[in-house]
Amino acid sequence: MQMQLQALSFQTSAKLPCSFNFPAARHPKDVNVMTKHLCDGRRSISVKSLPRRVLLQLMGFGPISLCTYPIFAAPMQEMDEPEVIRTLKLSNGVRIQEIIEGEGPEAHDGDYVQVNYVCRRSNGYFVHSTVDQFSGESAPVTLPLDENQIIKGLKDVLTGMKVGGKRRALIPPSVGYINENLKPIPDEFGPRRSLLSHAKEPLIFEVQLLKIL
């Protein structure tokens, strides 16, 4: 099979082994008008105008060939692998996720630390936060890393954190608000009452370590 193609506004000329002549279509839908002719004892066709799909098929680029030879198909975009956040489970049932590791000094048992936090129920229901949900303004709290003054589960979360770090933790009630005097707890009556009403269920704390005092 011999093929000669000239690309002028998609006008082509080709010689193929058959006996049909395809004149230029007078109407966009009139692509099936054919005229027979013989030339030099050989059967040939003169193609004046062909749709792109027909031309690609004549050249061998059908849907199957594009699948067989992916070099002609559209390039596949590279996808970034999703970041995996590992969960650490402590022996007391606290589950900790390291969101941001932090680059500052590390907090130790007995230190006083300044933090921002958000407290939610295990179903995601908001309970309390040091950051205003609407204005974004924060009122950090100072906590001693002493399990006699703050809830033990949160002390375990903060111990070993670096300044600038951020952790999310699920704290079971056995190491949570076992009495009403443990910090952190809101000063306002409404938020305080709301927090203590959920003291007997697991709570999620998302805490950010701002500084070590």
Side-chain angles (χ1 to χ4, degrees), residues 74-213:
M76 182 177 294
Q77 296 181 353
E78 295 183 1
M79 298 181 64
D80 296 332
E81 293 184 2
E83 182 180 357
V84 177
I85 300 177
R86 300 184 182 277
T87 300
L88 172 65
K89 183 178 180 180
L90 305 183
S91 58
N92 57 14
V94 176
R95 297 174 181 266
I96 302 174
Q97 290 181 333
E98 193 88 39
I99 308 301
I100 301 174
E101 186 175 356
E103 299 180 354
E106 186 175 306
H108 298 94
D109 192 6
D111 287 340
Y112 279 80
V113 296
Q114 190 177 79
V115 300
N116 273 325
Y117 73 88
V118 179
C119 177
R120 295 183 176 88
R121 298 175 63 184
S122 57
N123 61 2
Y125 180 79
F126 176 83
V127 177
H128 185 255
S129 175
T130 59
V131 181
D132 189 277
Q133 298 181 82
F134 301 101
S135 67
E137 296 181 356
S138 64
V141 296
T142 299
L143 301 173
L145 297 186
D146 180 358
E147 61 185 70
N148 295 318
Q149 299 185 59
I150 68 172
I151 59 176
K152 186 180 186 310
L154 187 57
K155 176 203 173 259
D156 293 341
V157 173
L158 291 169
T159 302
M161 280 188 69
K162 294 181 180 180
V163 172
K166 189 175 184 180
R167 287 179 176 178
R168 182 184 300 120
L170 177 66
I171 299 178
S174 59
V175 288
Y177 289 97
I178 56 176
N179 70 64
E180 297 182 0
N181 297 319
L182 294 176
K183 298 179 180 181
I185 195 164
D187 294 329
E188 301 85 356
F189 174 76
R192 181 188 181 96
R193 180 179 179 182
S194 174
L195 178 61
L196 294 177
S197 67
H198 302 298
K200 295 183 179 180
E201 60 184 81
L203 294 174
I204 296 176
F205 275 84
E206 191 167 297
V207 58
Q208 182 175 23
L209 179 57
L210 302 177
K211 64 174 65 175
I212 299 173
L213 304 175

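From a predicted model like this one, the values you see are computed outputs, not experimental measurements.
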Practice task
Just say parallel, tilted or perpendicular for the rings of F205 and Y117, cut-offs at 30° and 60°.
Solution key: tilted
Does the side chain of [X] reach to within under 4.5 Å of the side chain of [Y], using non-hydrogen atoms?
| X | Y | result |
| --- | --- | --- |
| V175 | I151 | no |
| S174 | N92 | no |
| K155 | D109 | yes |

Exercise for the section: Could you pull out all residues at least two apart from R168 that satisfy salt bridge (Lys or Arg N to Asp or Glu O under 4.0 Å)? Expected result: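 R168: salt bridge (Lys or Arg N to Asp or Glu O under 4.0 Å) contacts with E206.
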When rounded to the nearest 0.5 angstrom, what distance separates [atom1] in [X] from [atom2] in [Y]?
| X | Y | atom1 | atom2 | answer |
| --- | --- | --- | --- | --- |
| L145 | L158 | CG | CG | 6.0 Å |
| L170 | T87 | CG | OG1 | 9.5 Å |
| I212 | H108 | CD1 | NE2 | 7.5 Å |

Problem - Residues, nucleotides or ligands: over 12 heavy atoms within 6.0 Å of F126 CZ - result: yes
Handout entry: Short side-chain donor-acceptor distance under 3.5 Å, N116 and T130
Key =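 Judged by distance alone, the side chains do pair up.
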Completion exercise
In R86, R167, K166, the residue satisfying side-chain contact (heavy atoms from CB on, under 4.5 Å) with E98 is R167
Practice task
Say whether, by atom type as modelled, one donor and one acceptor occur between the side chain of S129 and the main chain of V131 under 3.5 angstrom.
Solution key: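 Judged by distance alone, yes, a pair lies under 3.5 Å.
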